[in-house]
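Just below is one structure, and these are the notes that go with it.
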Amino acid sequence: MSETTSASRPYRVIQWATGAMGKTCLRSVIDHPDLELVGLYVYSDSKAGRDAGEIARRDPTGVIATSCIDEILALDADVVLHCPLLQFPYDAHDDDVCRLLESGKNVISINNYFHPASLGESYARRLTECCIRGGSTLAGTGINPGLIAERFVPVISGMSTELDSILCREVYDCLDMPNANYVFGVMGMGARPQDVDLENGSLATLFTAMYRQCVGALAERLELQLTELQSDHQVTLATQDIEARAGIVRAGTIAATNWQIHGLIGDRRVITHSVNWVMGREVPGYKQFSHWEISVRGKPGIDIKMDLVEPENTGVKTTAVQYGVAGMVTQAIGHVLSAPPGLLAFPSAPHYTPRFTQHAHG
């Protein structure tokens, strides 16, 4: 927390990046009566110098977008909503985030910092030290990562008297995603399978780092002492050419990816986190699916399927997922501003734990 925030004024917010997710967060900030936009960082020269309201399709705000980080660092703000596109390598944004934290600005990110300890003690230590120097707080949040495994599963685990295993599975249809660079570059669609190293390649390294944080955070929350985190990535090939909004996925190239992490205790898989991106329901194995499926095995077993519902009659192309991420980010602001300096773990409801002896008795 950079400073005590007065209840008599809005929270001062800097929006960082205006891709599909970032632009939805920007609109949420502009539209919210308790938030005041004070800065906007953009990567595109075509956006720099434009009013944030114009970029967000809102009335003028008087806030002019900049691509100069020094101008952002000089602003007086409570929090930065950090929403850039994923980039290789996964830690590509760390230097910018550290500068923001050291300048006294709290940061909420949608692409990293969900559970930095899962990426190594030295990695988490660097971020913590930046927070301490700036008196700031860092948090990562979103739907997945951020909500499904880390916060939703612990809630339902509270029904368990015994817990054997947890499976979280996401399937996201990418057929209508418009950004060709993102779909074919970062997501790996349309690549030849022989060109994708599912163990040590750039895609595997990025998504292993992202989704091992989901497993690590869930295990820590449930006090499960994992002995290993194991990647188990898979791809499915197109059986025919697929016409996607971003371009054509040719037959024989990658049309679905499954970025999968297992958390083991000994040789037993206790947590599995599986994230599937697919180019439509004609891809083999993906004819029927929900956006998220959670399966808990134990006493009792629990199966939950969940889908976001697209809003109706909005007159805009903003998707349910984009609204959902913006909601997670903006609703996190109060928690971040009230937290002590350091890395934030969001609060949870009562949940399953294997032992009670670790908890203090009143």
Side-chain angles (χ1 to χ4, degrees), residues 20 85-86 88 142-145 148-149 153 165-212 214-215 229-264 269 271-297 301-310 319-322 324:
L85 294 175
L86 283 173
F88 300 108
I143 303 176
N144 183 33
I148 299 300
V153 170
S165 66
I166 298 166
L167 167 64
C168 299
R169 183 174 188 256
E170 171 182 304
V171 183
Y172 189 77
D173 191 341
C174 306
L175 203 58
D176 289 328
M177 293 183 68
N179 189 327
N181 290 333
Y182 192 76
V183 169
F184 294 107
V186 176
M187 302 188 79
M189 299 300 172
R192 300 186 306 168
Q194 62 268 32
D195 295 335
V196 178
D197 181 346
L198 292 176
E199 293 185 6
N200 301 307
S202 57
L203 290 172
T205 301
L206 188 152
F207 293 116
T208 295
M210 174 177 277
Y211 294 118
R212 72 184 285 135
C214 300
V215 176
L229 290 175
Q230 182 183 85
S231 62
D232 180 23
H233 306 318
Q234 303 161 10
V235 298
T236 303
L237 306 185
T239 56
Q240 59 187 15
D241 288 356
I242 299 172
E243 293 188 10
R245 185 177 175 187
I248 297 177
V249 177
R250 298 296 180 185
T253 66
I254 293 174
T257 56
N258 177 11
W259 306 110
Q260 187 164 249
I261 306 292
H262 304 293
L264 283 72
R269 292 176 175 176
I271 301 172
T272 294
H273 197 76
S274 171
V275 180
N276 300 253
W277 293 327
V278 57
M279 279 295 179
R281 294 178 181 267
E282 298 306 314
V283 177
Y286 292 95
K287 191 171 186 61
Q288 299 290 333
F289 57 81
S290 292
H291 197 160
W292 293 284
E293 298 180 12
I294 298 170
S295 296
V296 177
R297 291 295 172 263
I302 306 165
D303 285 331
I304 293 177
K305 296 183 179 182
M306 184 170 70
D307 292 281
L308 296 183
V309 178
E310 297 297 335
T319 67
V321 168
Q322 291 163 2

Should we say atom CD of Glu282 is surrounded by more than 12 heavy atoms from elsewhere, each under 6.0 Å from it? no

Carefully, step by step, assess Leu206 and Trp259 under the rule side chain to side chain contact (heavy atoms under 4.5 Å, CB included). CA-CA 10 Å; Leu206 188 152; Trp259 306 110; over 6 Å; no

Should Ile271 and Ile261 count as side-chain neighbours, where that means a heavy-atom distance under 4.5 Å? no

Looking only at heavy atoms, what is the nearest atom pair of Leu203 and Gly188, with distance? CD1-CA, 3.7 Å

Report yes if the side chains of Thr236 and Ile254 come closer than 4.5 Å at any heavy-atom pair, otherwise no. no

Pairwise side-chain contact, Cys214 with Asn144, heavy-atom cut-off 4.5 Å (strictly under): yes

Answer whether the closest heavy-atom distance between the side chains of Glu293 and Leu167 falls below 4.5 Å. no

Strictly under 6.0 Å, is that where the ring centroids of Trp277 and Tyr286 end up? no

If you define the side chain from C-beta out and look only at heavy atoms, does anything of Met187 sit under 4.5 Å from Met177? yes

Residues forming a ring pair (Phe, Tyr, Trp, His ring centres under 6.0 Å) with Tyr211, sequence neighbours excluded: His273

Once side-chain hydrogen bond (donor to acceptor under 3.5 Å, both in side chains) is applied, what residue pairs with a partner in residues 171-190 remain, sequence neighbours excluded? none

List in chain and number order the residues that pass side-chain hydrogen bond (donor to acceptor under 3.5 Å, both in side chains) with Thr272, two or more places apart in sequence or in another chain; answer none if no residue qualifies. His262

Between the CG atom in Asp197 and the OG1 atom in Thr205, the distance rounded to the nearest 0.5 Å is 7.5 Å

Consider only side-chain N and O atoms of Trp292 and Ser290, and report whether a donor and an acceptor are under 3.5 Å apart. no

Side-chain donor/acceptor of Asn258 to backbone N/O of Asn276, under 3.5 Å: no

Closest heavy-atom contact between Met306 and Ile148? CE-CD1, 3.4 Å

Which heavy-atom pair separates His233 from Leu198 by the least distance, and what is that distance? CD2-O, 3.3 Å

Residues which pass salt bridge (charged side-chain N to carboxylate O under 4.0 Å, His left out) with Arg297, listed by chain and number, not counting sequence neighbours: Asp303

Any Val278 side-chain heavy atom under 4.5 Å of Val171 side chain: yes

Ala246 and Ala180 have their tightest heavy-atom pair at O-CB, 3.4 Å

Counterpart residues, salt bridge (charged side-chain N to carboxylate O under 4.0 Å, His left out), relative to Arg192 (two or more places apart): Asp195

Quick one: do Arg169 and Ile294 satisfy side chain to side chain contact (heavy atoms under 4.5 Å, CB included)? Show the steps, please. CA-CA 6 Å; Arg169 183 174 188 256; Ile294 298 170; over 6 Å; no

Mind listing the closest non-hydrogen atom pair of Gly252 and Leu237 along with its distance? O-CD1, 3.7 Å

Quick one: salt bridge (charged side-chain N to carboxylate O under 4.0 Å, His left out) partners of Arg281, sequence neighbours excluded? none

Intermediate values then yes/no, side chain to side chain contact (heavy atoms under 4.5 Å, CB included), Ser231 and Gln260: CA-CA 6 Å; Ser231 62; Gln260 187 164 249; over 6 Å; no

With side chain to side chain contact (heavy atoms under 4.5 Å, CB included) as the test, would you mind laying out the steps for Asp232 and Arg269 before giving the verdict? CA-CA 12 Å; Asp232 180 23; Arg269 292 176 175 176; 4.2 Å; yes

Keeping the roles fixed (side chain from Thr253, backbone from Val249), state whether a donor-acceptor pair exists under 3.5 Å. no

For Phe207 and Leu86, the nearest pair of non-hydrogen atoms, with its separation, is CE2-CD1, 3.8 Å

